[in-house]
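These notes are about the structure you will find just below.
This one's a predicted model, so the numbers in the text were calculated from it and none came from an experiment.
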Amino acid sequence: MIDYTELKKLSRSSAAGLKKIRLAILGDCSTQHITTAVKGFAITRGISADVFEADYNQIDAQIIDAGSELYRHSPEFVLFVMCTEKLRESFYMRDKDSRAGFAADMTLKITRYWDSVSAGMPASVLQFSFPYINDGVFGSFGLKEKSSFVYQLQLLNSMISQEASKRKNVFIIDINAVQSRLGEDKFFDSKLYYIAKMPFSLEALPYIALRTVSVIAAVGGNIKKCVILDLDNTLWGGVIGDDGLEGIRIGELGTGRAFSDFQSWLRGLRERGILLAVCSKNNPETARLPFEKHPDMILRLDDFAMFVANWEDKASNIVNIQQTLNIGMDSIVFIDDNPFERDQVRSAVRDITVPEMPEDPSYYVSFLKDLCLFETASFSETDAGRTEMYRQEAQRTSLMASYGSYDDYLMALEMRAVSAEFDSFHYPRIAQLTQRSNQFNLRTVRYTEAQIEALAHSDAHITRYYCLRDRLGDHGLIAVVVLDRMPDGALFISELLMSCRVLKRGMEEFIINDIVSIARKEGFETVVGEYIPTPKNSMVADLYTRLGFTEADGRFYANVSEFKNNKTFIQEELLS
């Protein structure tokens, strides 16, 4: 882990060319060192953080005053740093007969902060959890005594998590996990707190900054989507080709338990929506054998979106996996026990994340958890089915080869699409798609669920989500459009983004046709589009001109009355 001294240097370094975000930090304790650590760590993740740091213990003053520096800064993120030591002071200032209600009162106070910020600006709210302290007044009995500080502290953390789950723009940063990782003695420096009101040691700051920046990055759409895995000595102990099915280590005995736990953790990622893939130097039938025959395997073949086992170099196979899944290389994590293979992939494949795995598999899970690679800003029910969707996509690729022309293939898919207004059931998936989509994304604006809900209820906007299915399966919700009613009478496409899984199926043509149809029904004469280039979205640079728009003054225009629909084999399906 990078230390605080290096983060301090990075916080002062040039951030030219990096993604810029505006962050405000409000605390009831000293936050200068936290600000420095976050700014420095952000640089390591390609982010330049423009930070407004409020004066010591000025949360109320900044929030209440609509003209304060907080509101003038117009932050995209507001971070609340409230320390357990201050919490304890407040607890003991109360009459002892009212202490059983402390957590509820503090929850109300904190949620009012969140709601005030949300009412005053379209910002995501970040809240540090409260590190655990047992003040020893009741000893262990405090865990069952409602009037004890330790009882109220644990209740408070639970209550703010419950309240955050009700607010789509609020995210809890798990500071307790850092204290558990380091131990209280390394996490907290009593002398530093009493001298400077600094609630975290200098040793803890890089870990806290890592978690904070990881959440900020996830909200901004920088997330991992796929884990590519080696097999021998990575998912099990031993070499299946040499040791045979009975000789590999997996299950309850010895280090086999460590591999089983690693597989269980990976399955949890898969169930959350992270794709798993295999990249192994092995004979295909040998590589598949443990998944098919070994009784102690946790993962099975249907847990993987792709399974590549051959004797080609892993870098080439990884590129093939990435291109087949059609996801960005920077969204992939490659895990391999062999340092030579890791170095080869790291050198040959740009942007992929290759963790330097520990030699002992007993530390695999704890090591990867500490890296915070898999932060997310949303979760929807469709995530659990993502692996099956990508497996169906591989079937479509195989089917395509059996047809004489691409049009014949598209017709054979029997595609049906739904176009519908945003609704509450789909808010999580819509927000998630705005956060995940990088390549087919015309303007690349990220939205939280709360912001999606606001768009859905705004008369100034027309919203559409699109679902696609074919005879091989259901792609689910794959595209999002937001249209702005402009004062000059035009309809402006403020958001147009689509999952790359359905590229070149005619879905982009279907969407553009639908947008113009909406404009016609709503009485608009002109539809206006805009393309804002990013390092990842060059594939859509010519989308509007290719689909019937005319470019002028940096924007793209379609005359509704003269527009001719683009060719597509997708039929519209009405919601029942």
Side-chain angles (χ1 to χ4, degrees), residues 19-32 34-36 38-39 42 47-83 86-87 89-90 104-130 156 159-173 197 199 212-213 215-216 219-220 377 427 431 434 445-461 482 484-487 494-495:
K19 177 183 178 181
K20 291 179 169 52
I21 61 132
R22 295 185 310 281
L23 169 67
I25 298 179
L26 310 178
D28 62 2
C29 53
S30 176
T31 58
Q32 293 96 324
I34 298 168
T35 298
T36 298
V38 168
K39 289 180 68 174
I47 298 171
S48 170
D50 178 10
V51 182
F52 161 67
E53 180 192 354
D55 291 337
Y56 172 77
N57 205 19
Q58 291 295 302
I59 298 177
D60 292 276
Q62 288 291 335
I63 290 178
I64 292 170
D65 181 7
S68 69
E69 297 98 325
L70 168 66
Y71 295 101
R72 294 202 301 271
H73 187 62
S74 297
E76 300 162 77
F77 300 89
V78 177
L79 171 63
F80 288 97
V81 181
M82 303 170 70
C83 68
K86 279 281 186 179
L87 198 69
E89 291 176 25
S90 298
D105 292 344
M106 282 301 302
T107 300
L108 181 60
K109 178 180 180 179
I110 291 168
T111 54
R112 283 175 175 168
Y113 287 159
W114 300 347
D115 294 341
S116 295
V117 165
S118 299
M121 66 186 81
S124 296
V125 175
L126 313 177
Q127 174 73 53
F128 277 5
S129 66
F130 291 92
L156 174 60
M159 292 178 78
I160 63 172
S161 290
Q162 291 176 28
E163 290 298 321
S165 71
K166 302 174 186 177
R167 295 164 172 82
K168 304 305 183 183
N169 67 321
V170 177
F171 304 91
I172 305 295
I173 298 176
K197 291 292 186 254
T212 303
V213 173
V215 171
I216 289 172
V219 174
Y427 290 163
T434 72
V445 180
R446 312 300 186 183
Y447 293 90
T448 65
E449 288 183 44
Q451 291 167 329
I452 292 298
E453 182 176 3
L455 286 171
H457 290 95
S458 170
D459 292 335
H461 301 89
V482 178
D484 296 354
R485 303 175 188 268
M486 303 301 288
S494 63
E495 296 306 326

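In this structure, the side chains of L87 and L156 come closer than 4.5 Å at one or more pairs of heavy atoms. Contact check for I110 versus Q127: side-chain heavy atoms found under the 4.5 Å cut-off. Contact annotation: the side chain of R446 never approaches that of Q451 to less than 4.5 Å [non-hydrogen atoms, C-beta and beyond]. Counting heavy atoms from C-beta on, the side chains of V219 and F171 come closer than 4.5 Å. In this structure the side chain of W114 reaches within 4.5 angstrom of the side chain of I160, judged on heavy atoms. You'll find the side chain of D50 stays beyond 4.5 Å of the side chain of K20, heavy atoms only.
Each salt bridge (charged side-chain N to carboxylate O under 4.0 Å, His left out) pair with one or both residues in residues 448-460, not counting sequence neighbours, appears once here: K168-E449. Screening residues 108-125 for salt bridge (charged side-chain N to carboxylate O under 4.0 Å, His left out), with sequence neighbours left out, gives D115-R167. Within the structure, salt bridge (charged side-chain N to carboxylate O under 4.0 Å, His left out) pairs that include any residue of residues 66-78 comprise R22-E76 (at least two apart or interchain).
Proximity of a side-chain donor or acceptor of K86 to a complementary backbone N or O of N57 within less than 3.5 Å is not detected.
The line from CG of L79 to OG1 of T31 is 8.5 Å long, rounded to the nearest 0.5 Å. Here CD1 of I59 is found 5.0 Å from CE of M82. Values are rounded to the nearest 0.5 Å. The line from CD1 of I47 to CG of L23 is 10.5 Å long, rounded to the nearest 0.5 Å. In this structure, E163 CD and L108 CG are separated by 9.0 Å, a value rounded to the nearest 0.5 Å. Q58 CD to L70 CG: the interatomic distance, rounded to the nearest 0.5 Å, is 12.0 Å. For the atom pair CD1 of I21 and OG of S124, the computed distance is 10.0 Å after rounding to the nearest 0.5 Å.
In terms of heavy atoms, S68 sits closest to Q62 at OG-O, 2.7 Å. Taking all atoms of both residues into account, the shortest heavy-atom contact from C29 to P199 is SG-CG, 3.6 Å. The two atoms that bring T434 and A431 nearest to each other are OG1-O, 2.7 Å, heavy atoms only. Nearest heavy-atom pair, S165 versus Q162, reported as atom, atom and distance to 0.1 Å: OG-O, 2.5 Å.
Residues that satisfy the salt bridge (charged side-chain N to carboxylate O under 4.0 Å, His left out) test with D65, not counting sequence neighbours, are absent from this structure. With sequence neighbours left out, T36 forms a side-chain contact (heavy atoms from CB on, under 4.5 Å) with Y4, K8, S11. Residues meeting the side-chain contact (heavy atoms from CB on, under 4.5 Å) test with S118, sequence neighbours left out: V125, N169. For S30, the side-chain hydrogen bond (donor to acceptor under 3.5 Å, both in side chains) partners two or more places apart in sequence, or in a different chain, are Q32. Residues forming a side-chain hydrogen bond (donor to acceptor under 3.5 Å, both in side chains) with Y427 (at least two apart in sequence, or on another chain): none. Under the side-chain hydrogen bond (donor to acceptor under 3.5 Å, both in side chains) criterion, D28 pairs with no residue, sequence neighbours left out. Evaluation of the side-chain contact (heavy atoms from CB on, under 4.5 Å) rule for D60 yields I64, Y113 as partners, not counting sequence neighbours. Among residues two or more places apart in sequence or in another chain, the side-chain contact (heavy atoms from CB on, under 4.5 Å) test is passed with S116 by I63. With sequence neighbours excluded, no residue satisfies side-chain hydrogen bond (donor to acceptor under 3.5 Å, both in side chains) with H73.
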**Request:** Take V78 and M121 through the side-chain contact (heavy atoms from CB on, under 4.5 Å) test and state the conclusion after the steps.
**Result:** CA-CA 10 Å; V78 177; M121 66 186 81; 4.1 Å; yes

**Request:** Under the side-chain contact (heavy atoms from CB on, under 4.5 Å) rule, what do F80 and V117 come out as? Steps first, then yes or no, please.
**Result:** CA-CA 11 Å; F80 288 97; V117 165; 3.9 Å; yes

